[in-house]
There are 2 protein chains.
Amino acid sequence: MTHPARRLSHRRPTIADIARRAGVSKGAVSYALNGRPGVSEETRRRILAIAAEVGWQPNSAARTLSGALCNVVGLALSRPARVLGIEPFFMALVSGLEAELHAHDYGLTLQIADGHASELAVYRRWWAERRVDGVLVCDLRVDDPRVPVLEELGLPAVVIGGPGHTGDLTSVWADDSAPLTETVEYLYALGHRRIAHVAGLSELLHTRVRTAAFHEVTSRLGLSDAITLSSDYTGEAGARITRRLLSSPNRPTAIVYDNDIMAVAGLSVAQELRVDVPGELSIVAWDDSPLCRLTHPALTALGRDIPAYGALAARRLLDVISGAAPAAHRDAPAELTIRGSTGAPDAKRATR
Amino acid sequence: MTHPARRLSHRRPTIADIARRAGVSKGAVSYALNGRPGVSEETRRRILAIAAEVGWQPNSAARTLSGALCNVVGLALSRPARVLGIEPFFMALVSGLEAELHAHDYGLTLQIADGHASELAVYRRWWAERRVDGVLVCDLRVDDPRVPVLEELGLPAVVIGGPGHTGDLTSVWADDSAPLTETVEYLYALGHRRIAHVAGLSELLHTRVRTAAFHEVTSRLGLSDAITLSSDYTGEAGARITRRLLSSPNRPTAIVYDNDIMAVAGLSVAQELRVDVPGELSIVAWDDSPLCRLTHPALTALGRDIPAYGALAARRLLDVISGAAPAAHRDAPAELTIRGSTGAPDAKRATR
DNA sequence: GCAGCCTACTGAACCGGGTAAGCACCCGGT
DNA sequence: ACCGGGTGCTTACCCGGTTCAGTAGGCTGC
C-alpha cells in the first residue's frame, strides 16, 4: 500500500530498550515479561519495573508474527444496513460479545457484508491474512453454505443459531419451539381462535423452527384458521402484512410477530384502522427490546437476555480457539412477558 | 498469553514459497507483488500468476511489523449498551463507516467502554500495541477530556461532532442550530405558542448547541413559555418527561425531542393520556429513522443521511492517517420531513 | 576433586514481509 | 576500448517479539 509520512511522536519502547537498560539480553526480558521461568525473581522484578516505567506495551504485530494468536475475533453481518440499524438485537448481541471478549483481552472486528458470497470472501481474507483467530456466524440458514466453507478453511467459528445445520462447527442456540408453543397456548386460553404468525425471512433456520412449531400447536389445538406469512423483518413489511390481515374477512384476533419492529408497525396499523388493541386484536412480539415498552399499549413480548447470549457465544469461541472440541451449547429459551397488548378477545366486536 | 494447540490446516504460502517456485529471490517477489519497479514485466507476470495459483495473501502482522500501517481503525463507544441497542443512529453510522473503510481495504474494530476513563485506556492500548492506525471519537462533550489526550498521544483521530471543542483534531460535524430554528419557526407558523424541547444528555456538545438555538429562536419569537428539559435519550425518560409536561397547567402544544426513541415514547404517552396528536399536541423527532414511520401518526422528523455522515468521517480519518492537516469538515444539516404528528393546534381543545 | 546437575542467563535463529545497497549485464555514445 | 547509465535482479538486514540451544557459574554428592 502507500507509505504515508508517519508522525513519529515518540518511538515506542521495545524489549530491546528494556534489555539495554536492565543490562540483560532480549531473551531474558521476554521471559520476565511473560512470567516464564528462566530469570531470577530479582531480575524479573527489575525488568518489570523498567517496563512499567517506560510504559512498554507489546507490539501486537510482532507477537502475532512469531506464532502467537492475534487476539481478535471477527463478526461479519450480511443483513442490509437498514435492517441492522433498527433491530436492537444486533447491538445487544455485540455488547454482550464485547464485554466477554474484552474480559479476555480480545478485540472484535466488525464487517458489514452484502450477501453470503461477500461474507465468505471476508472470512477467507481475514483468515489468510491472519487478522482474526476466529469468527462468529449469525443468521444461520437451512443447509447454510457458510458452514462447509468454514469447516474446510479450518477457521475457528461459533455459529449463533440452531439446532442442527451447523455441521462440525461449535454452535450456540436457544429453543424457539417451546416459547412459540407456549405463546399460542396462552392466546388460545384467552379465547383466541384465529391466530396469525408474521414470520421473518423464510430461509433462516429459526424462522423454520418457529413456523413448524406454530403449525404443530395450531393444528393440535384444531385452529384451522391459523396462518403464517413471511416477511423481511422491516416495519414496512410488518405494516403491509398487518393491513392485509386486518382487512380480510375473518380477520385474526391475535398476531404473533417474529420481531419487535414488525410488531410495533402492526400496532400502529391497528390504531390507524381503529382496531382496538387488545380488545379486537392481541399482539405478541418476538424480541423484547425497550421498544416494546414505548408503545401504548406496551407489547406483550417473548424476550431473552441477548447480551448474555452474545457472551456465551464469545466464551465458546474462545474455547474453540484454544482447541476445544466442537459442541452445541444451548442457551435459555425466550420467556413471555405479558403486557397490555394481549387480552381476551372482545366477543361483540371481534366476531363477524 | 497461552499457547493452545493450533490447528495447522495447510501452511499458508509465503513470499519465500513463491520465490522458490519462480526461481527468483524474496526481494524480487516483494517488488513484483507490490507493483514496484525492479522486476521485468515478464517476471512480474510469472510471479503474480504463481501467487494467484497458490492463493497467496500477505500476512498482515508481517506487513505491519515492517513499518506498514495495520489497515484497521477503531471505534470506542462509551454509552451504556441499553442506549446503544435501541438508538438506530449508531448502527447507521457504523454501516456508513464500514462501507467507506471496506472500499479502502480498512477494517473496523469496535469496543464498548464504560465511561471516558476506560475509553481513553482503550485508545492508549490500541495505539501502544499498534492495533489501529486511527480512531473515531463520538459523543463530543464540551471541553472534552479525550481531545487533549488524543492530541498528546499523536494518535490520528477524527472527532464526530462540533463545531469547536475539538482542539487540533480533525472533525466532522453538522450544524444543528439552523434545523432547530427552522423547526421552531415552522411550529410557530402553524400557530404554536407553547413549545417544549426535550433535550438529550446535557454534557454533550450538540445538546448545548440545540438548546442554545432553541432559546434564541423562542425568545426572538417572544415565546415566554418555551422550556427545555434534559434527559438521557431513553424511552423511559422521554415518557416520564412527556407525562410531566402534559399534566402541567398550561401544557405545551408542541414538543421537539432530541432523538426518535424519546419521541416515540412521547407519542405513546400522549395516546395513553388521550391527548390527540396532532390536534392537541404536535411532535417532532430529531433523527429520522424508520422508527418514525412505524408509529401512527408517523412522526415529523429532522433527518440526516447518517451513513453518509459516517462515510465522510471515515474518509477524513483515512486522510489524517496519510498525513493530512487537521480540519473541520461540515456535513449537510438535518432536514425537516413533515409527517402526521405535526399540525395546527386545535384552538378549542388545546386552550385552557 | 571432579562429574553431574541446576539456575540464570546469552546468542542467534525465526516468523513473513519490506527495502537499501550492491552488482552483473547490456546498450549507447565518444 | 572504455565509461556512463540504466535494467533486473540478489544479498542482507530491518521490524519486535518468541524460543531454542547453548554456556557460565555455583552447588551437591561421592
Side-chain angles (χ1 to χ4, degrees), chain A residues 1-4 6 8 10-48 51 54-71 127-131, chain B residues 1-4 6 8 10-48 50-51 54-71 127-131 133:
Chain A
M1 214 88 330
T2 60
H3 247 252
R6 181 150 201 185
L8 298 173
H10 311 301
R11 201 177 61 81
R12 293 266 134 216
T14 70
I15 55 166
D17 300 325
I18 297 176
R20 211 173 307 114
R21 289 192 47 172
V24 295
S25 70
K26 271 173 59 180
V29 173
S30 177
Y31 291 139
L33 292 171
N34 291 300
R36 298 174 38 124
V39 282
S40 67
E41 260 322 300
E42 200 215 310
T43 308
R44 184 188 306 277
R45 270 197 306 274
R46 210 173 69 234
I47 291 174
L48 287 177
V54 301
W56 177 85
Q57 294 280 108
N59 179 312
S60 62
R63 277 228 167 123
T64 303
L65 185 54
S66 53
L69 299 170
C70 59
N71 283 27
W127 189 228
E129 298 184 353
R130 289 274 119 94
R131 285 190 177 275
Chain B
M1 217 90 328
T2 60
H3 246 252
R6 182 153 200 180
L8 297 174
H10 311 303
R11 202 177 61 82
R12 294 265 133 217
T14 71
I15 55 167
D17 299 326
I18 298 176
R20 209 173 309 116
R21 290 192 46 170
V24 295
S25 69
K26 268 174 58 181
V29 174
S30 179
Y31 290 137
L33 292 171
N34 291 299
R36 299 175 36 125
V39 283
S40 67
E41 259 323 300
E42 199 217 311
T43 309
R44 183 187 306 279
R45 269 199 306 276
R46 210 175 67 235
I47 290 174
L48 287 176
I50 294 175
V54 300
W56 178 86
Q57 294 282 107
N59 178 312
S60 64
R63 276 227 167 124
T64 303
L65 186 55
S66 57
L69 298 171
C70 58
N71 283 29
W127 190 228
E129 298 184 354
R130 289 277 121 95
R131 286 193 177 273
D133 296 333

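A, B, ... follow the sequence lines: proteins, then strands. Residue 1 opens every chain.
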Protein N or O to nucleotides 20-23 of chain C N or O, pairs below 3.5 Å:
from, atom 1, to, atom 2, distance (Å)
dA20(C), N7, Y31(B), OH, 3.3
dA20(C), N6, Y31(B), OH, 3.2

With the side chain defined as heavy atoms from C-beta on, S25(B) is closest, among dC9(C), dT11(D), dG17(C), to dT11(D)
Quick note, S66(A) side chain, CB onward, closest among dT11(D), dT10(C), dC15(C) is dC15(C)
Quiz item: Contact class for S40(A) (heavy atom, under 4.0 Å): base, sugar-phosphate, or nothing?
Solution: sugar-phosphate
* Asked: With a non-hydrogen cut-off below 4.0 angstrom, is T14(B) in contact with a base, only sugar-phosphate, or nothing?
  -> sugar-phosphate
So R63(B) and N71(B), do their side chains get closer than 4.5 Å, heavy atoms only?
no
- Query: Mind checking whether L48(B) and L33(B) have side chains closer than 4.5 Å, heavy atoms only?
  - Reply: yes
What's the [atom1]-[atom2] distance between [X] and [N], to the nearest Å?
{"X": "R20(A)", "N": "dG16(D)", "atom1": "CZ", "atom2": "P", "value": "11 Å"}
{"X": "E42(A)", "N": "dT7(C)", "atom1": "CD", "atom2": "C1'", "value": "14 Å"}
{"X": "Q57(A)", "N": "dG17(D)", "atom1": "CD", "atom2": "P", "value": "10 Å"}
{"X": "L33(B)", "N": "dT19(C)", "atom1": "CG", "atom2": "C1'", "value": "14 Å"}
{"X": "E129(B)", "N": "dG17(D)", "atom1": "CD", "atom2": "C1'", "value": "13 Å"}
{"X": "I15(A)", "N": "dT10(C)", "atom1": "CD1", "atom2": "C1'", "value": "13 Å"}
{"X": "L65(B)", "N": "dG16(C)", "atom1": "CG", "atom2": "P", "value": "12 Å"}
{"X": "I47(B)", "N": "dT10(D)", "atom1": "CD1", "atom2": "C1'", "value": "13 Å"}

Taken in chain and number order and not counting sequence neighbours, the residues that satisfy side-chain hydrogen bond (donor to acceptor under 3.5 Å, both in side chains) with R36(B) are none
Can you tell me if the side-chain N/O atoms of [X] get under 4.0 Å from OP1 or OP2 in [N]?
{"X": "S30(B)", "N": "dG17(C)", "answer": "no"}
{"X": "R12(A)", "N": "dG16(D)", "answer": "no"}
{"X": "R63(B)", "N": "dG18(C)", "answer": "yes"}
{"X": "W56(B)", "N": "dG17(C)", "answer": "yes"}
{"X": "N34(B)", "N": "dG18(C)", "answer": "yes"}

Nearest heavy-atom approach of L69(A) to T64(A) is O-OG1, 3.7 Å
Looking only at heavy atoms, the pair that brings I47(B) and A22(B) closest together is CG1-CB, 4.2 Å
Between its two end axes (five pairs each) the helix from dG1(C)-dC30(D) to dT30(C)-dA1(D) turns, nearest 10 degrees, through 60°
Value for CG (D17(B)) from NZ (K26(B)), rounded to nearest 0.5 Å, stands at 11.0 Å
Interatomic distance, CD1@I15(A) vs CG@N59(A), rounded to 0.5 Å, equals 10.5 Å
(message) Given 3.5 Å as the limit, does a donor-acceptor pair link the side chain of R131(B) with the main chain of S60(A), or not?
(response) no
query: Can you list the steps and then say if R44(A) with E41(A) is a salt bridge (charged side-chain N to carboxylate O under 4.0 Å, His left out)?
result: CA-CA 5 Å; R44(A) 184 188 306 277; E41(A) 260 322 300; 3.3 Å; yes
On DNA chain D, more 5' by nearest nucleotide between G38(B) and N59(A) is G38(B)
Under the 3.5 Å rule, do the base of dG16(C) and the side chain of K26(B) count as making a donor-acceptor pair? no
Requested in this report: Cation-pi check, R130(B) to W127(B): give yes when NZ or CZ is under 6.0 Å from the six-membered ring centre and within 45° of the ring axis, no otherwise.
Outcome: yes
